[in-house]
There are 2 protein chains.
Amino acid sequence: MACCAPMVREPLGEEAAAGLSRMFKALSDPIRLRLLSLIASHDGGEACVCDLTAPFDVSQPTISHHLKVLREAGLVGSERRGTWVYYWMLPEALAKLSTLLEIPAMSAKAPT
Amino acid sequence: MACCAPMVREPLGEEAAAGLSRMFKALSDPIRLRLLSLIASHDGGEACVCDLTAPFDVSQPTISHHLKVLREAGLVGSERRGTWVYYWMLPEALAKLSTLLEIPAMSAKAPT
DNA sequence: CGCTTGTTTCGATGTCTGTCGATACAGTCG
DNA sequence: CGACTGTATCGACAGACATCGAAACAAGCG
């Protein structure tokens with residue numbers, strides 16, 4: 001994907017923008033944002049759904065839905081291990097977005 | 001705002017997540033993403049609306065609407081100068097999001 | 001094998017969002 | 001002033017989304 005250089009440098013193409021906007025959409029909900037940070041900051045870098053339901057005021061199916069959105073956006077991975085399902089962050093996805101938003105030293109283009 | 005350290009480090013609070021999710025929501029549309037990169041990468045770091053309408057297949061009111069969303073999310077500033085209205089990127093906002101998504105060296109927490 | 005607990009899927013519902021055309025507003029120029 | 005160009009707002013509408021309760025699925029345990 002040709003989408004990972006700072007967007008400040010050159011205009012995003014249509015395709016790149018479409019893909020990236022899907023990831024940002026996944027981050028555009030407060031619950032999902034907190035879920036992701038909860039997963040990422042959890043011991044071992046992963047968390048089971050059972051750890052992720054209690055902190056929120058919404059129903060458990062709703063949490064499951066949000067986790068699915070994060071998964072389909074490529075931001076987290078998941079796996080069932082016995083009774084529980086574990087989720088972990090996929091660092092590359094975050095890194096890609098972080099780089100995209102980066103301001104490369106100067107906010108304006110190189111002078112002369 | 002206590003919201004600007006990498007989210008991988010510690011769980012986001014409710015308030016921080018609410019504010020940040022509004023910014024990500026502004027980035028969650030392909031047209032807005034392209035608008036922002038168009039503005040940011042434009043000569044002088046700003047662009048007038050007249051430069052921002054042509055590249056897209058949507059109507060001018062729609063572009064105006066998207067610009068408003070970006071402005072209300074604190075991602076761009078704008079000003080009328082004579083006939084034209086100019087938009088420029090607000091680097092601090094991008095930087096905040098970029099830092100939030102950053103992976104601090106190790107993806108998992110420090111081992112032992 | 002049936003019960004219990006953890007998780008996902010389904011269907012319904014109310015709200016939000018992107019889009020448009022029409023229209024209003026802001027400057028400029030004759 | 002009046003016409004014209006550039007931009008924003010309004011009102012309407014279709015499609016997307018967050019949420020829920022109910023029900024299905026999965027794994028362990030008696």
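By convention in this document, chain letters (A, B, ...) are assigned in the order of the sequence lines, proteins followed by strands, and residues within each chain are numbered from 1.
When distances are taken from the side chain of A:V49 to each of C:dG18, C:dT8, D:dT9, the shortest belongs to C:dT8. With C:dT8, D:dA8, D:dT7 as the choices, the nucleotide that has an atom nearest any side-chain atom of A:V85 turns out to be C:dT8.
No more than 12 heavy-atom neighbours from other residues, nucleotides or ligands sit within 6.0 angstrom of CH2 on B:W84.
B:K25 has no side-chain polar atom (N or O) that falls below the 4.0 Å cut-off from OP1 or OP2 of C:dC16. For the pair B:H66 and C:dT19, the criterion of a side-chain N or O lying under 4.0 Å from OP1 or OP2 is met. Between D:dA8 and B:Y87, a contact under 4.0 Å exists linking OP1 or OP2 to a side-chain N or O.
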Exercise. Take nucleotides 20-30 of chain C nucleotide by nucleotide from the 5' end and write B, S or -, depending on whether a protein heavy atom sits under 4.0 Å from the base, only from the sugar-phosphate, or from neither.
Key: BBB---SSS--
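Distance, B:R22 CZ to C:dC16 C1': 15 Å, rounded to whole Å. One can place CG of B:L70 at 14 Å from P of C:dT17, the figure rounded to the nearest angstrom. B:H65 places its NE2 atom 5 Å from the P atom of C:dG18, with the value rounded to the nearest Å. Atom P of nucleotide D:dA8 and atom CG of B:L35 are separated by 11 Å, given to the nearest angstrom. With rounding to whole Å, A:E79 atom CD is found 16 Å from C:dG6 atom C1'. Between the NZ atom of A:K68 and the P atom of C:dC10 there is a distance of 7 Å, rounded to whole Å. Note: CD1 (A:I31) to C1' (D:dC20) measures 13 Å, nearest angstrom. Taking atom CG of A:D29 as the reference point, atom C1' of C:dT15 lies 13 Å away to the nearest angstrom.
With no hydrogens or angles considered, a side-chain donor-acceptor pair links A:Y87 and A:R71 at under 3.5 Å.
The existence of a salt bridge linking B:E46 and B:R81 is confirmed by a sub-4.0 Å separation between a basic side-chain nitrogen and an acidic carboxylate oxygen.
Formation of a donor-acceptor pair under 3.5 Å by the B:S37 side chain with backbone atoms of A:L12 is found in this model. Using a distance-only test at 3.5 Å, with no hydrogens or angles considered, no donor-acceptor pair links the side chain of A:R32 to the main chain of A:L35.
Shortest non-hydrogen contact noted between B:S78 and B:V85 is CB-CG1, 4.5 Å.
Counting only heavy atoms from C-beta outward, the side chains of B:F24 and B:L101 approach each other to under 4.5 Å.
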